[in-house]
Visitor: 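First the structure, then my questions, so here it is.
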Amino acid sequence: MQGMTIILTQKKIIFFLLFLIFFISCTRKSNQLANAEIHTATGDSIKAMDVVEPFHLTLIYGVPISFYKMKYEITDKNLKISDISFELLPDSVVYETQLSQDILDELSIINMDTLKEDYYTPGIMDGYYISVNLGNKTVSASNYYLVEIGFVVEKINHLIPEKYKIWYKKEKVSKQQRR
């Protein structure tokens, strides 16, 4: 009977050690992902965050002086672009496409937690504004360049026709910010 108790105790210890090894390896992978960096086409890098499930990102891009306002909505299935220029009318879907898992993987690790809610360039009264909502955080920029938003715009612009592309150029916006 004592021999049987020793064997059961040894099995429990082995099970516990295997569980502990598994737990530690998962924690390390999670920490590696959280500390990862994404490199953009413009040479910037942004810190990654843990994946948000299910994925949902909304980007609003507008030029107030022309009443131009578009909504780019990305889910874990597709990208949908809607014209929301006239707030009294229902949204009008103008383009829709399926997304690859690679794009979703890249977008899902963007870390917006460290960003403020609003960025703007003082002294500029016209121009454009852009707002990105990911998870529980919305970040808005008016005539101001943010690497994180630039990365999202870069990914969206590679997927859509020319007439729906978002104008968000680092060089021009950064020049306005320095004024």
Side-chain angles (χ1 to χ4, degrees), residues 33-52 54-75 78-97 99 103-179:
L33 175 61
N35 295 325
E37 287 190 354
I38 303 167
H39 297 283
T40 67
T42 58
D44 297 311
S45 63
I46 43 182
K47 289 278 188 194
M49 68 175 235
D50 291 328
V51 176
V52 176
F55 186 79
H56 190 264
L57 181 145
T58 304
L59 183 144
I60 306 289
Y61 175 71
V63 181
I65 199 162
S66 69
F67 298 105
Y68 176 82
K69 193 173 180 184
M70 300 296 276
K71 177 169 71 172
Y72 300 76
E73 193 168 14
I74 298 174
T75 66
N78 63 4
L79 162 67
K80 181 170 52 172
I81 303 172
S82 302
D83 185 342
I84 58 170
S85 298
F86 303 102
E87 293 180 12
L88 298 177
L89 299 175
D91 294 357
S92 169
V93 176
V94 295
Y95 182 79
E96 194 167 355
T97 187
L99 295 178
I103 296 293
L104 291 171
D105 289 345
E106 290 180 53
L107 290 172
S108 68
I109 59 174
I110 295 171
N111 187 357
M112 294 184 28
D113 292 340
T114 60
L115 300 177
K116 298 185 298 185
E117 290 182 4
D118 293 303
Y119 293 85
Y120 64 94
T121 301
I124 299 179
M125 301 300 281
D126 61 354
Y128 70 91
Y129 68 92
I130 195 164
S131 175
V132 176
N133 177 277
L134 177 62
N136 295 325
K137 179 93 179 228
T138 300
V139 176
S140 300
S142 180
N143 300 301
Y144 194 95
Y145 186 82
L146 284 171
V147 174
E148 292 80 0
I149 291 177
F151 181 75
V152 172
V153 169
E154 177 185 304
K155 294 300 171 189
I156 290 173
N157 280 347
H158 277 81
L159 301 169
I160 61 177
E162 189 67 32
K163 66 181 179 178
Y164 301 120
K165 292 197 186 247
I166 302 164
W167 184 89
Y168 195 67
K169 303 284 185 198
K170 178 181 180 179
E171 308 80 40
K172 297 202 182 226
V173 178
S174 296
K175 185 188 277 187
Q176 291 174 339
Q177 285 172 222
R178 288 190 293 260
R179 285 186 192 171

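In what follows, every heavy atom counts, from backbone to side chain, and hydrogens, waters and symmetry copies are set aside. We count residues from 1, following the sequence as given.
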Visitor: Please name all residues satisfying salt bridge (Lys or Arg N to Asp or Glu O under 4.0 Å) with K69, sequence neighbours left out, ordered by chain then number.
Guide: E87
Visitor: With sequence neighbours left out, what residues match Y68 under side chain to side chain contact (heavy atoms under 4.5 Å, CB included)?
Guide: Y61, V63, S66, M70, Y72
Visitor: Write down the atom of L99, the atom of L104, and the distance for their closest heavy-atom approach.
Guide: CD1-CD2, 3.9 Å
Visitor: Would you compute the distance between atom CG of L107 and atom CZ of F55 and round it to the nearest 0.5 angstrom?
Guide: 5.0 Å
Visitor: Give me the atom names and distance for the closest heavy-atom approach of E148 to N111.
Guide: CG-O, 4.2 Å
Visitor: CD1/I156 to CG/L59 distance, rounded to the nearest 0.5 angstrom?
Guide: 5.0 Å
Visitor: What closest approach, in Å, do K137 and D113 show between heavy atoms, and which atom pair accounts for it?
Guide: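 Taking K137 first and D113 second, the nearest heavy atoms are NZ-O, 3.5 Å.
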Visitor: For D118, what residues pass the side chain to side chain contact (heavy atoms under 4.5 Å, CB included) criterion, not counting sequence neighbours?
Guide: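 Partners of D118 by the side chain to side chain contact (heavy atoms under 4.5 Å, CB included) criterion, ordered by chain and then number, come out as S140.
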Visitor: Could you give the distance from OG (S92) to CD1 (I84), rounded to the nearest 0.5 Å?
Guide: 11.0 Å
Visitor: If you look at every heavy atom in Y168 and G150, which pair is closest and at what distance?
Guide: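 The answer is CE2-N, 3.5 Å.
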Visitor: Name all residues meeting the ring-ring contact (aromatic ring centres under 6.0 Å, His included) criterion together with Y129; count only those two or more places apart in sequence or in a different chain, and write none if there are none.
Guide: none
Visitor: As a quick check of understanding, evaluate side chain to side chain contact (heavy atoms under 4.5 Å, CB included) for L115 and I149, giving each step before the final call.
Guide: CA-CA 11 Å; L115 300 177; I149 291 177; 5.9 Å; no
Visitor: Which word best sums up how the rings of W167 and Y128 line up, parallel for under 30°, tilted for 30 to 60°, or perpendicular for over 60°?
Guide: perpendicular
Visitor: Does any part of the side chain of V153, heavy atoms only, come nearer than 4.5 Å to the side chain of I130, both counted from C-beta?
Guide: yes
Visitor: Checking V93 now: which residues fulfil side chain to side chain contact (heavy atoms under 4.5 Å, CB included) with it, not counting sequence neighbours?
Guide: K80, S82, E96
Visitor: From I81 CD1 over to D91 CG, what is the distance, rounded to the nearest 0.5 angstrom?
Guide: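 Answer for the CD1-CG pair, I81 versus D91, is 13.0 Å.
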Visitor: How many angstroms lie between atom NZ of K165 and atom NE2 of H158, to the nearest 0.5 angstrom?
Guide: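 Answer rounded to 0.5 Å: 7.0 Å.
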Visitor: With sequence neighbours left out, write down each residue that passes side chain to side chain donor-acceptor pair (under 3.5 Å) with T58, or none if nothing qualifies.
Guide: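 Applying side chain to side chain donor-acceptor pair (under 3.5 Å) to T58 gives none.
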Visitor: Could you state the interatomic distance from CE (M112) to CG (N136), rounded to the nearest 0.5 Å?
Guide: 10.5 Å
Visitor: Might you work through the side chain to side chain contact (heavy atoms under 4.5 Å, CB included) test for N143 and Y145, ending with a clear yes or no?
Guide: CA-CA 7 Å; N143 300 301; Y145 186 82; over 6 Å; no
Visitor: Taking side chain to side chain contact (heavy atoms under 4.5 Å, CB included) as the test, write out the residues that go with P90, two or more places apart.
Guide: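 Applying side chain to side chain contact (heavy atoms under 4.5 Å, CB included) to P90 gives none.
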Visitor: Partners of D83 by salt bridge (Lys or Arg N to Asp or Glu O under 4.0 Å), sequence neighbours excluded?
Guide: none
Visitor: Test side chain to side chain contact (heavy atoms under 4.5 Å, CB included) on K163 and Y95; report intermediate values, then the result.
Guide: CA-CA 10 Å; K163 66 181 179 178; Y95 182 79; over 6 Å; no
Visitor: T138: what forms a side chain to side chain donor-acceptor pair (under 3.5 Å) with it, not counting sequence neighbours?
Guide: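 With neighbours one apart ignored, the set is N133.
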